[in-house]
Asks: 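Have a look at this one before I ask anything.
Every chain is numbered from 1 and lettered A, B, ... according to where its sequence line falls, protein lines coming before strand lines.
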Number of protein chains: 2
Amino acid sequence: MKSAHVELGDIVHGAAPLQRRAIAKTITLLESTRDDHRARADALLTSLLPYTGNSFRLGISGVPGVGKSTFIETLGLYLIDRGHRVAVLTIDPSSTVSGGSILGDKTRMEKLSVHERAYIRPSPSSGTLGGVAEKTREAMLVCEAAGYDIVIVETVGVGQSETAVSGMTDMFVLLQLPNAGDDLQAIKKGVMELADLVVINKADIDPDAATRAQAQITSALRLFGHHGNPAHAHAVHGAEAVHHQWQPRVMQSSALQGTGVDAFWEAVKLFKTLQTANGKLGARREKQALAWMWERIDAGLKHAFRHHPKVRELLPQALAQVAAGTLPASTAARNLLSAQAGQA
Amino acid sequence: MKSAHVELGDIVHGAAPLQRRAIAKTITLLESTRDDHRARADALLTSLLPYTGNSFRLGISGVPGVGKSTFIETLGLYLIDRGHRVAVLTIDPSSTVSGGSILGDKTRMEKLSVHERAYIRPSPSSGTLGGVAEKTREAMLVCEAAGYDIVIVETVGVGQSETAVSGMTDMFVLLQLPNAGDDLQAIKKGVMELADLVVINKADIDPDAATRAQAQITSALRLFGHHGNPAHAHAVHGAEAVHHQWQPRVMQSSALQGTGVDAFWEAVKLFKTLQTANGKLGARREKQALAWMWERIDAGLKHAFRHHPKVRELLPQALAQVAAGTLPASTAARNLLSAQAGQA
């Protein structure tokens with residue numbers, strides 16, 4: 001495996017083509033299931049860590065057809081024009097379930113994908129959502145170490161992937177069609193509560209509907225949004241007013257016509273400025289890192305449990321008895337835990 | 001400990017006073033933290049299991065002040081009048097956090113608590129919500145074995161306790177005040193989606209508001225309710241229409257004046273009839289038992305992890321490094337898991 005030869009310096013300081021190969025190799029190493037690869041990946045990640053954290057991490061979600069690819073391509077080229085380097089990572093739950101992929105096709109972003117200041121990596125195509133999210137989080141660190149200062153993590157609006165993307169980015173943006181029915185779905189699934197910014201995309205198709213949707217979602221965000229409990233609001237410091245804090249908002253855009261990208265990026269910059277000044281950005285990253293650690297621990301504990309020989313032997317009968325109501329669920333749990341611990 | 005002497009026969013066939021003492025002793029045994037008590041409790045539970053499952057399990061939730069106690073007392077006396085035996089169990093998250101309790105006071109239900117055909121047990125007052133829920137699930141089985149054919153599990157609308165109660169009952173009822181603001185809170189917290197039936201209680205206080213709330217919540221239930229994906233709807237069998245299936249509904253009641261209890265119980269009976277005929281009640285119980293088992297396994301795995309000597313030794317530094325961004329979260333997780341497994 002070529003990835004054996006990844007050098008930290010190639011990622012952090014390498015010339016463009018060398019760096020690109022080093023990133024790809026590192027991500028391949030991260031996605032390997034071999035224990036020795038994993039150990040090397042851990043060592044490499046730890047050595048990369050001092051060079052990470054300097055990007056802005058932008059999560060973008062929306063149902064298939066909302067125009068994510070076009071939006072991200074337009075935004076990416078806009079940012080590159082302004083001197084940024086842009087990485088686009090993808091979490092596509094459909095690729096892990098069906099092997100097929102809604103988002104996997106790199107050529108969706110024709111101009112961005114060939115640009116030397118952009119790096120596009122499709123979704124890992126196997127593993128649980130938790131596993132895929134982990135690989136993507138790690139790939140994000142690699143891209144940051146390589147100097148990409150904007151990392152976009154994209155996902156489709158299916159399953160729990162929005163929660164995963166929101167949990168690894170600084171700002172979570174939800175793209176919506178100018179269609180009143182969609183926001184109810186997003187509210188129902190709890191996705192609207194995650195959104196720092198909602199963009200009504202393809203607004204040119206039906207300007208009236210877009211304006212109605214904007215009003216509806218604005219009102220929904222007021223009800224369901226981040227405002228939090230007044231009891232937890234920042235205290236007033238001396239004569240100063242409360243710290244300025246980002247409030248979720250709704251805007252319109254037509255990525256196809258290139259309209260709205262400017263205003264969108266201004267909003268993102270305002271978000272970054274406010275949330276950096278009031279400390280929320282740093283707090284969010286710290287919380288995300290700790291949540292990520294506990295999530296991986298939980299996943300590891302469950303994996304070890306399910307693969308323990310004694311548990312594998314006893315589990316089928318326990319499941320059958322609990323389902324049939326002949327063994328109390330809590331007793332079954334205790335028996336299986338004792339079996340794993342070697343006490344039964 | 002007197003609970004050493006609990007006999008299966010005392011619970012299942014004992015005369016009223018003997019049975020009542022046997023139930024109380026058994027529940028005390030279930031709540032004990034001593035390993036030998038727990039082993040005996042497991043054995044007793046398993047022997048009781050063939051006598052369980054014959055009650056209707058009714059979950060009732062609502063914020064403090066909505067009138068749960070009065071509602072449950074009125075309902076309980078109504079049911080006893082009609083030949084039922086009624087057990088009321090309580091899950092009160094506030095009692096485990098503060099030691100104080102919103103619901104713990106038995107004397108809230110003065111008439112019901114002294115009735116020989118009723119059994120009222122306050123919330124276990126220590127442990128996590130998961131632990132408290134487990135004790136309540138087990139207490140429910142004991143009451144069923146003792147012949148209580150209606151088990152009411154009550155909780156306050158705080159924290160995650162509604163999810164716990166919904167996850168152990170056949171039908172989950174949400175009491176609401178005739179106040180339009182409440183339903184938004186319930187929707188936001190995802191509680192509305194759990195409700196099989198919503199009762200606007202104290203409707204007599206403001207009949208107009210109650211009628212408005214009924215309309216609003218009915219509309220919310222249509223949007224957020226159990227209707228499910230049309231693709232998963234029951235197939236049409238021959239000339240028959242689709243299986244009849246309960247649809248969540250909203251009714252009004254004034255427990256203080258005793259109005260609405262009749263209609264409420266008719267609705268519960270209809271729910272039971274429909275969901276028994278279409279198999280959903282049995283499927284719900286089976287799913288609950290399996291979910292309960294996995295939840296207890298997860299809790300056990302986490303407990304063992306956090307109490308492992310090597311993990312306790314390494315965890316503080318890992319948390320600090322992950323929070324500070326000097327150790328990748330996934331690497332920290334792997335290191336700690338290896339430490340527990342004795343590989344580091």
Side-chain angles (χ1 to χ4, degrees), chain A residues 30 38-39 41-43 45-46 48-50 52-53 134-135 137-138 141 184-185 187-188 190 193 223-224 285-306 311 318-319 322-338 340-341, chain B residues 30 38-39 41-43 45-46 48-50 52-53 134-135 137-138 141 184-185 187-188 190 193 223-224 285-306 311 318-319 322-338 340-341:
Chain A
L30 292 170
R38 189 62 247 180
D42 276 341
L45 264 188
T46 305
L48 283 175
L49 216 54
T52 67
E134 177 179 12
K135 302 309 170 203
R137 280 193 187 96
E138 293 177 342
L141 298 178
L184 295 171
Q185 278 301 314
I187 291 169
K188 179 174 173 183
E193 286 194 63
L223 290 169
F224 301 111
R285 284 192 176 186
E286 188 176 315
K287 196 174 152 196
Q288 286 174 340
L290 291 171
W292 176 15
M293 187 191 90
W294 285 116
E295 185 208 302
R296 289 292 87 200
I297 288 171
D298 286 352
L301 292 173
K302 282 181 194 165
H303 184 269
F305 177 81
R306 282 179 173 271
V311 172
L319 288 171
V322 169
T326 56
L327 181 66
S330 45
T331 305
R334 273 185 291 273
N335 292 347
L336 290 166
L337 289 166
S338 297
Q340 184 193 22
Chain B
L30 292 171
R38 188 62 247 180
D42 276 341
L45 264 188
T46 305
L48 282 175
L49 217 53
T52 67
E134 176 177 14
K135 302 307 171 205
R137 280 194 187 95
E138 293 177 341
L141 298 178
L184 295 172
Q185 278 302 312
I187 291 170
K188 181 175 174 183
E193 286 195 64
L223 291 169
F224 302 110
R285 286 191 173 186
E286 187 177 315
K287 196 175 151 195
Q288 286 174 339
L290 291 171
W292 176 15
M293 187 188 91
W294 285 116
E295 185 208 302
R296 289 291 88 199
I297 287 172
D298 286 352
L301 292 173
K302 282 179 192 165
H303 185 269
F305 177 81
R306 281 180 173 273
V311 172
L319 288 171
V322 169
T326 55
L327 182 66
S330 46
T331 305
R334 272 185 291 272
N335 292 348
L336 290 166
L337 289 166
S338 297
Q340 183 192 25

Asks: Who among L327(A), V322(A), T52(A) has the most heavy-atom pairs with chain B under 4.5 Å?
Replies: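 If we count pairs closer than 4.5 Å to chain B, V322(A) comes out on top.
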
Asks: Rounded to the nearest 0.5 Å, what separation is found between the CD atom of E286(A) and the CG atom of L319(B)?
Replies: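 Reported value, rounded in 0.5 Å steps: 10.0 Å.
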
Asks: Side-chain contact, heavy-atom cut-off 4.5 Å: R137(B) with S330(A)?
Replies: no

Asks: Which pair of non-hydrogen atoms, one from R296(A) and one from L337(B), has the smallest distance, and what is that distance?
Replies: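 Taking R296(A) first and L337(B) second, the nearest heavy atoms are O-CD1, 4.0 Å.
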
Asks: Tell me, out of L48(B), L141(B), D298(B), who's got the most heavy-atom pairs with chain A below 4.5 Å.
Replies: D298(B)

Asks: Please find the pair of heavy atoms, one from L49(B) and one from P328(A), that lie closest to each other, and give the distance.
Replies: CD2-N, 3.4 Å

Asks: Check whether L336(A) gets within reach of chain B through its side chain, its backbone, both or neither, counting any heavy atom under 4.5 Å.
Replies: side chain

Asks: Can you list the residues that meet the salt bridge (Lys or Arg N to Asp or Glu O under 4.0 Å) rule with R285(B), with sequence neighbours excluded?
Replies: D170(B)

Asks: Which side-chain N or O atoms in residues 287-294 of chain A pair as donor and acceptor under 3.5 Å with protein atoms at least two apart or in another chain?
Replies:
{"from": "Q288(A)", "atom 1": "NE2", "to": "S166(A)", "atom 2": "O", "distance (Å)": "3.2"}
{"from": "Q288(A)", "atom 1": "NE2", "to": "G167(A)", "atom 2": "O", "distance (Å)": "3.4"}
{"from": "Q288(A)", "atom 1": "NE2", "to": "T169(A)", "atom 2": "O", "distance (Å)": "2.8"}

Asks: Among A304(B), G53(B), A43(B), A329(B), who wins on heavy-atom pairs under 4.5 Å with chain A?
Replies: A329(B)

Asks: Locate the shortest heavy-atom distance separating T326(A) from T46(B); write the atom from each residue and the value.
Replies: O-CG2, 4.3 Å

